[in-house]
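The chains referred to below are lettered A, B, ... by the order of the sequence lines, with proteins before strands, and numbering in each begins at 1. Model, not experiment: these values are computed from the prediction.
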2 protein chains.
Amino acid sequence: MTTAQRPTLEAVARRAGVSRATVSRVVNGSTTVAEPIRAAVHQAVAELGYVPNLAARSLVTQRTDSIALIMPEAATRVFSDDQVFPGIIRGVSQELEAADKQLVLMLAGSPAGRDRVERYTTGRHVDGVLFASLHGADPLPARLARLGIPVVSSGRGLGDSPVPYVDVDHVGGVTRAVRYLIENGRRRIATIAGPQDMVAGIERLTGYRDTVAAAGLPELVAYGDFTRESGAAAMRTLLTEHPDLDAVFAASDLMAHAALRTLREAGRRVPADVAVIGFDDIETAAYTEPPLTTVRQPILELGRAGTRQVLRIAAGETVEPALILPTELVLRASA
Amino acid sequence: MTTAQRPTLEAVARRAGVSRATVSRVVNGSTTVAEPIRAAVHQAVAELGYVPNLAARSLVTQRTDSIALIMPEAATRVFSDDQVFPGIIRGVSQELEAADKQLVLMLAGSPAGRDRVERYTTGRHVDGVLFASLHGADPLPARLARLGIPVVSSGRGLGDSPVPYVDVDHVGGVTRAVRYLIENGRRRIATIAGPQDMVAGIERLTGYRDTVAAAGLPELVAYGDFTRESGAAAMRTLLTEHPDLDAVFAASDLMAHAALRTLREAGRRVPADVAVIGFDDIETAAYTEPPLTTVRQPILELGRAGTRQVLRIAAGETVEPALILPTELVLRASA
DNA sequence: TTGTATGCGTTATCAG
DNA sequence: CTGATAACGCATACAA
């Protein structure tokens, strides 16, 4: 069933009494076609319900008008209640819509997924590739770039790769947050760090370390992986090891949210006893109890900027090897 | 730059000293190839870094090995902090990964976006289409189906369309929730209804209406659009119009979350003064203050089931016109 | 301005 | 089991 034989250029040409080439010109908006002929072709197209076969077109034009967004991350992780990935997707989507390109979303958590991604992109099914949420020193971006595929990374990867990237100012944001805590008299400032195989995790920890060290304060560190569960566990650890802490900087809002609850369960008042600052400024941050003071990163813009870079490379332009977007401390009630 | 001329079947064939046909057989895993030749071809493929051109393959096979997920919804809406869309994407993604197909995500909020979607899908760039979050009586699914494109809707659309769908048991879930409130002595039960241009909004309201009516209780209704802001506004309206209400059923967890906060701001204790039940069971529900009692819908499974149906249709099988997944009342502290 | 002819890279049909 | 060869549907250089 299905597959009601679709009309081809040839069919339209016969119906309109012209050649295939002419139909092709009309369909692609060439201006060098006489008005009456153009009208006849348009009518034939409408009558037959002709739609160009994109595979055939790609074959000759060498373009697909679609861009891949690759997240080397299990789907589970990408779509937890973390707003970061959705935000990036949204930014990418906006920018592609403006450019009239299609978004091909590829989650590459498993090894099989990574294979698929590689086959698909190297198979020239997309005009460019945007990576997001790189772990460790992933060799895939550089490999694709070497094959001549336009590729950009949204959020820097580990190691030095020749792939252009867009990222936010992690260190700057964290520094402002920790300084704010210090200025408000906090002296036992702990941190719930993010995963240390990601630049975001590493740099946010660096920002914390440098700032407390500069103030002559001790380092109180526990590790999480940006999720709520890991944040709760890390907060419990911190409370056990450093019961006298008076502030916590969490490397993600989800971990901060969990810390808030864990602190309350432990009988600590926020911010009276312990001040809490997060990182991200996801929507939920305004609805926690108390509302969360946090470092806002321009997630949407991260996706948009990355996409613009890919499109520019695909168009043959050259782009800046790095683009850093600003972060900002958003004051609410938790610190 | 870029475009380092990619090797073709032809090149591999020359290098291996065989014909194109043979290379094609090896690449596609045909068993009718002598072992030494197969080895030679594999080596040539590896040496040249050959990757099949997917457009060319599609052109002849009439398949693309990719499925489109269409959300007729502005990106802003899809990726707010609502967990529903991400959950569906995740389910679809899992199922497609298992089937070794690619996911093409299409947000079609704007009219231009809808055009793109139509061109792209009718252009045979995908083997099938899954719709999610239909508004009103969207004619697009039926139109695509008429063109012979395998299409399924995840979440039913309004009006009677011949398109197969997968949905959850909205009415059943809401009925259980409202009955639970009644059994616990609540008598002034209000609802914050969802958008009435969506089946999910309509049916959840219906479930509420039927259940309170059957118990001889009054209908106290305010409307929202599933978002937090709309939930807060609706809650304020309800408090003004029915200050004596003792329970609220909100048609989404986000609206329930906002209701929780609005009630607290109004000096009402939850659940002592007012019981609150939501719908969805997003992750945040377990972290609200107090933790939210809610109707869980199997979001992930909604995506997975829909995807399986599309794949089956694309494989030439016929599928059930409707598939209804169960919902479940999850008791926490808010009711 | 329009038509003709060719090629894009594969797969599939047929002989051999 | 392998190799020619013909589609697949379109865009474009070139000719008219």
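- Near DNA chain C, defined here as any heavy-atom distance below 4.0 Å, the residues from residues 47-56 of chain B are B:Y50, B:V51, B:P52, B:N53, B:A56, listed numerically.
- At a threshold of 4.0 Å, the pair B:R114-B:E118 does not count as salt-bridged, since none of the basic side-chain nitrogens sits closer than that to a carboxylate oxygen.
- Of the possible donor and acceptor atoms, none in the side chain of A:D127 sits under 3.5 Å from a partner among the backbone N and O of A:I67.
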Between the protein and nucleotides 4-7 of chain C, list the N/O to N/O atom pairs that are separated by less than 3.5 angstrom.
unit_1, atom_1, unit_2, atom_2, d
C:dT6, O4, A:R20, NH2, 3.2

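- Within the 4.5 Å cutoff, the side chain of A:R308 has no heavy atoms near those of the A:V319 side chain.
- Within the 3.5 Å criterion, the main-chain N or O of B:L302 finds a donor-acceptor partner in the side chain of B:S154.
- Residue contacts shown for A:L9 are limited to sugar-phosphate atoms, with no base heavy atom under 4.0 Å away.
- Atom CG of A:L59 and atom C1' of C:dT10 are 8 Å apart (whole Å).
- In this entry the distance linking CG of A:N28 with C1' of D:dC10 reads 9 Å, nearest Å.
- Across all strands, A:V27 comes closer than 4.0 Å to no nucleic acid atom at all (heavy-atom distances).
- Atom CD of B:E35 and atom P of D:dC1 are 11 Å apart (whole Å).
- Under the 3.5 Å distance criterion, the side-chain polar atoms of B:S153 are left unmatched by any main-chain donor or acceptor of B:Y165.
- Protein atom CZ of B:R57 is 5 Å distant from nucleotide atom P of C:dT11, rounded to whole Å.
- B:T8 has no side-chain polar atom (N or O) that falls below the 4.0 Å cut-off from OP1 or OP2 of C:dG9.
- At distances below 3.5 Å, at least one donor-acceptor pair connects side-chain atoms of A:T121 with backbone N or O atoms of A:V117.
- Judged purely by atom type and a 3.5 angstrom limit, A:D167 has no side-chain atom pairing as donor or acceptor with the backbone of A:I324.
- Shown here for A:P298 and A:L325, the closest heavy-atom pair between the two residues is CG-CB, 3.8 Å.
- Counting to the nearest Å, the P atom of C:dT11 and the CZ atom of B:R63 are 10 Å from each other.
- Regarding A:I37, its CD1 atom lies at a distance of 7 Å from the C1' atom of C:dT2, rounded to whole Å.
- For the pair A:D100 and B:R119, the salt-bridge criterion is met [side-chain N within less than 4.0 Å of a carboxylate O].
- Per the geometry, CZ belonging to A:R124 stands 13 Å off C1' belonging to C:dG9, to the nearest Å.
- Between the NE2 atom of A:H125 and the P atom of C:dT10 there is a distance of 13 Å, given to the nearest Å.
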